[in-house]
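What follows is a set of notes on a single structure, which appears directly below.
When a ligand or atom number is given, it counts from 1 through the structure's own listing order. What you see below is based on every heavy atom in this structure, not just the backbone, and it leaves out hydrogens, waters and symmetry mates.
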Amino acid sequence: MALTPADGKATLSFSDGTPSLDLPLYKGSIGPDVIDIRALYGKTGKFTYDPGFLSTASCNSTITYIDGDKGELLYRGYPIQQLATQCDYLETCYLLLYGELPNASQKADFLGRVTSHTMVNEQMQFFLRGFRRDAHPMAVMTGLVGALSAFYPDSINLHDPAQREVSAIRLIAKMPTMVSMAYKYSVGQPYIYPRNELSYAGNFMRMMFATPCEDYKPNEVLVRAMDRIFILHADHEQNASTSTVRLCASSGTNPFAAIAAGVACLWGPAHGGANEACLNMLYDIQASGGVAKIGEFIAQVKDKNSNVKLMGFGHRVYKNYDPRAKLMRETCHEVLEALGLHDDPLFKLAMSLEKIALEDDYFVSRKLYPNVDYYSGIVQKAIGIPVPLFTAIFALARTVGWIAQLNEMIADAEYKIGRPRQLYVGSKHRDVKPIAKR
Ligand code: SDX
């Protein structure tokens, strides 16, 4: 969205004689102001320097707002707590895509459009067959999502709003089918086709856990929990995978390829892969002695040489409790109660570890709190999701956020291909010597 006339200015002065420069300053509707440095290089021959983008706004957006100090998360202005308790995932998808919550007829129409796209091309089974059965689900998902551009060539033109709309619906509709296919393939069971009469989350649970041998009736408590997990992961401002999708799409590539790039980035343990890493961390502590060994583990985390991190803790933006972690902990408790697992040792261990960490100055001084990944693994394990599939489910849920952010960028008349610069600290010009003289 083109920014309104400047709300003020920032004056840059230099010690090297470069003339000082006034730069426009813009205010958002909420949150930090930005200094527009687009003219900086042209006027001074200098770049800004911000590895990891700690102080850089890559765009302006109307989709998601995070206040890291307050621990606040809004999707299109609505608090995540209200969406997670009063809406379902498809309503949240509609909100993220179109900017408003749907009324009853809009919701029914959207559900109908998504439901009619849940099957994948039958040929995708043969694509899947090329993977080893023990391939990591995120390797499979990176391949399957990218392959959609080959199976659906009629909706790959990024600059055609109608084709972007079709590819958005296809992606949202087919992610559950593809994730469950990746799971069924890994356990050697037949794929389960989607059923149009089921809810989005209910359909996913059935495709995951049903077999052709008997009827499967999803447990409504688990279905609701799955739907809430989708809502909590749907979008999160300009995180690493969303920035990857934006940068990838800025080249004009097709929507499926851009979302596949987001899947690949989300896989990393510092990002979406943290839920899998967190559960494996809890398993390791449990195997080494459980609660009694928490002190030893925390000491390892504090030892910089150990390279051990408390997975599921810390966040680039949240310097307070991640509101999603609170909701995830509640969901965890509900699911464990519903399954009669209130004494689940892993949940108890996670709660003890959280309590001890939040009383330890190492974490308090660094403002390290549980993030969305800390409890999501425990609740997914309780639902019956295998650990390696956790991040694939994160990708399933985040697909709508990636699409909404991609659409917002493409619709912005000011957008250009992303092309950061650098501070070059390598060799100055030198000539090649013949090999005999090297
Ligand atoms: C997600 O960006 C998003 O919005 C992501 C996400 C989304 O919805 O898209 O919210 C999803 O990715 C959540 C984060 C999941 N990752 C983890 O749980 C992995 C563990 N967390 C860390 O790797 C880390 O906290 C990050 C990557 C999440 C954030 O890292 P930063 O902002 O770059 O902070 P940092 O690494 O510079 O850490 C600051 C200090 C360092 O100590 P000092 O050098 O100051 O002594 O805190 C320490 C770090 O060593 N630290 C941790 C820690 N996280 C940071 N120490 C122990 N355990 C941790 N988890």
Side-chain angles (χ1 to χ4, degrees), residues 50-58 61 63-69 71-75 80 84 92 96 138 229-246 259 262-282 285 294 297-328 350 353-354 356-358 360-378 390-391 393-402 404-405:
D50 188 15
F53 313 118
L54 284 93
S55 300
T56 293
S58 61
S61 179
I63 299 171
T64 293
Y65 175 72
I66 303 170
D67 183 322
D69 294 326
E72 182 180 45
L73 169 59
L74 309 176
Y75 289 167
I80 191 68
T92 308
L96 289 168
M138 287 302 276
I229 288 170
F230 293 160
I231 293 173
L232 295 178
H233 288 86
D235 193 53
H236 212 238
E237 200 216 68
Q238 305 311 317
N239 58 83
S241 54
T242 298
S243 301
T244 299
V245 169
R246 279 178 173 256
I259 301 303
V263 174
C265 175
L266 187 75
W267 191 359
H271 190 13
N275 50 23
E276 176 180 357
C278 181
L279 207 83
N280 289 331
M281 171 191 76
L282 292 170
I285 297 170
I294 287 178
F297 174 75
I298 294 280
Q300 257 193 313
V301 169
K302 294 179 187 176
D303 171 10
K304 291 290 178 197
N305 300 321
S306 73
N307 276 328
V308 171
K309 284 199 184 291
L310 177 48
M311 300 313 279
F313 256 66
H315 199 277
R316 172 63 57 77
V317 178
Y318 289 122
K319 301 308 173 191
N320 198 327
Y321 213 103
D322 182 336
R324 303 169 297 175
K326 275 190 191 126
L327 288 158
M328 196 66 81
L353 179 56
E354 174 193 350
I356 292 168
L358 294 183
D360 187 309
D361 185 58
Y362 177 90
F363 299 94
V364 175
S365 63
R366 290 171 175 79
K367 297 186 177 180
L368 301 177
Y369 291 88
N371 59 51
V372 67
D373 293 309
Y374 189 67
Y375 285 103
S376 72
I378 300 169
F390 290 175
T391 311
I393 286 175
F394 193 152
L396 183 167
R398 183 55 58 89
T399 293
V400 66
W402 288 331
Q405 299 273 351

Does the protein put a heavy atom under 4.0 Å from atom 37 (O) of ligand 1? no

Do any non-hydrogen protein atoms sit less than 4.0 Å from atom 15 (C) of ligand 1? yes

Taking atom 21 (N) of ligand 1 as the reference point, the nearest protein heavy atom with its distance: F313 O, 2.9 Å

Judged by non-hydrogen atoms, does G52 sit under 4.0 Å from ligand 1? no

Can you tell me if H233 contacts ligand 1 (heavy atom of the residue under 4.0 Å from the ligand)? no

Ranking L368, L54, D373 by closest non-hydrogen atom to atom 1 (C) of ligand 1, top hit is D373

For K319, is at least one N or O under 3.5 Å away from an N or O on ligand 1? no

What are the two closest non-hydrogen atoms of A234 and L96, and how far apart are they? CB-CD1, 3.6 Å

Where H271 and D373 come nearest, the two heavy atoms and their spacing: O-OD2, 3.6 Å

Are any of the side-chain heavy atoms of I229 and F394 separated by less than 4.5 Å? no

Would a distance-only check, ignoring hydrogens and angles, find a side-chain to backbone donor-acceptor pair under 3.5 Å from T391 to G272? yes

Quick one: NZ on K326 to CD1 on I80, what's the gap to the nearest 0.5 Å? 13.0 Å

The reported gap from OG in S61 to CD in Q405 (rounded to nearest 0.5 angstrom) is 4.5 Å

For the side chain to side chain contact (heavy atoms under 4.5 Å, CB included) test, which of L74, L73, T242 pairs with T64? L73

Have a look at ligand 1 and work out which part of R366, if any, has a heavy atom under 4.0 Å from it: side chain, backbone, both or neither. side chain

Looking at atom 60 (N) of ligand 1, would you say a protein heavy atom lies below 4.0 Å from it? yes

Using the ring-ring contact (aromatic ring centres under 6.0 Å, His included) rule, take H315 and Y374 through it: C-alpha gap first, then chi angles, then the decisive distance, then the call. CA-CA 11 Å; H315 199 277; Y374 189 67; over 10 Å; no

Taking both backbone and side-chain atoms of D322, is any N or O found less than 3.5 Å from an N or O belonging to ligand 1? no

Would you compute the distance between atom CG of N320 and atom CG of D67 and round it to the nearest 0.5 angstrom? 9.0 Å

Would a 4.5 Å heavy-atom cut-off, applied to side chains only, mark L266 and W402 as touching? yes

Any non-hydrogen protein atom below 4.0 Å of atom 45 (O) of ligand 1? yes

Within the distance-only criterion (no hydrogens, no angle test), does the side chain of S241 pair as donor or acceptor with the backbone N or O of C265 below 3.5 angstrom? no

If you measure every N/O of M311 against every N/O of ligand 1, is any gap under 3.5 Å? no

Starting from atom 6 (C) of ligand 1, what is the nearest protein heavy atom, named by residue and atom, and what distance separates them? H315 NE2, 3.7 Å

Any idea which atoms of ligand 1 are less than 4.0 Å away from a heavy-atom of G312? 17 (C), 18 (O)

In ligand 1, the atoms that come under 4.0 Å of a heavy atom of A270 are 12 (O), 14 (C), 15 (C), 16 (N), 27 (C)

Under 4.0 Å from atom 51 (N) of ligand 1, is there at least one protein heavy atom? yes

Please state whether Y374 comes within less than 4.0 angstrom of ligand 1, counting heavy atoms only. no

Numbering as shown, the atoms of ligand 1 that approach R316 to under 4.0 Å (heavy-atom distance): 29 (C), 31 (P), 32 (O), 33 (O)

One should read off an interatomic distance between D235 CG and Y65 OH, to the nearest 0.5 angstrom, of 15.0 Å

Within 4.0 Å of some non-hydrogen atom of V301, the atoms of ligand 1 are 57 (C)

If we only count N/O pairs under 3.5 Å, is A240 in contact with ligand 1? no

Any heavy atom of E237 closer to ligand 1 than 4.0 angstrom? no

Atom indices of ligand 1 within 4.0 angstrom of K304 heavy atoms, with elements: 42 (O), 43 (P), 44 (O), 46 (O), 50 (O)

Hey, is atom 26 (C) of ligand 1 under 4.0 Å from any protein heavy atom? no

Check Y369 against ligand 1 and report side chain, backbone, both or neither, counting heavy atoms closer than 4.0 Å. neither

What residue and heavy atom of the protein are closest to atom 2 (O) of ligand 1, and at what distance? N239 CB, 3.4 Å

Identify the closest protein heavy atom to atom 17 (C) of ligand 1: which residue and atom is it, and at what distance? A274 CB, 3.4 Å

Residue, atom and distance of the protein heavy atom nearest atom 9 (O) of ligand 1 read R398 NH1, 2.9 Å

Taking G262's backbone N and O only, do any of them form a donor-acceptor pair with R398's side chain (distance below 3.5 Å, no angle check)? no

Return yes when V317 approaches ligand 1 closer than 4.0 angstrom through a heavy atom, no otherwise. no

Would you mind listing which atoms of ligand 1 come within a distance below 4.0 Å of any non-hydrogen atom of P269? 19 (C)

What distance separates N371 CG from M311 CE, expressed to the nearest 0.5 Å? 8.5 Å

Suppose we measure from atom 58 (N) of ligand 1 to each protein heavy atom; which comes out shortest, and what is that distance? L310 N, 2.9 Å

For atom NZ of K302, decide whether the heavy atoms of other residues, nucleotides or ligands shown that lie under 6.0 angstrom number more than 12. yes

Measuring only between side-chain heavy atoms, which start at C-beta, is L310 closer than 4.5 Å to L353? yes

Does the side chain of F313 come within less than 4.5 Å of L358's, by heavy atoms? yes

Pair F390 and H233, ring centroids less than 6.0 Å apart: no

Atom CG of N307 and atom CG of N305: how far apart are they, to the nearest 0.5 Å? 8.0 Å

Looking only at protein heavy atoms, what sits closest to atom 4 (O) of ligand 1 is H236 ND1, 2.6 Å

Identity and distance of the protein heavy atom lying nearest atom 56 (N) of ligand 1: Y362 OH, 3.4 Å

Answer yes or no for K302: is there a heavy-atom contact with ligand 1 below 4.0 Å? no

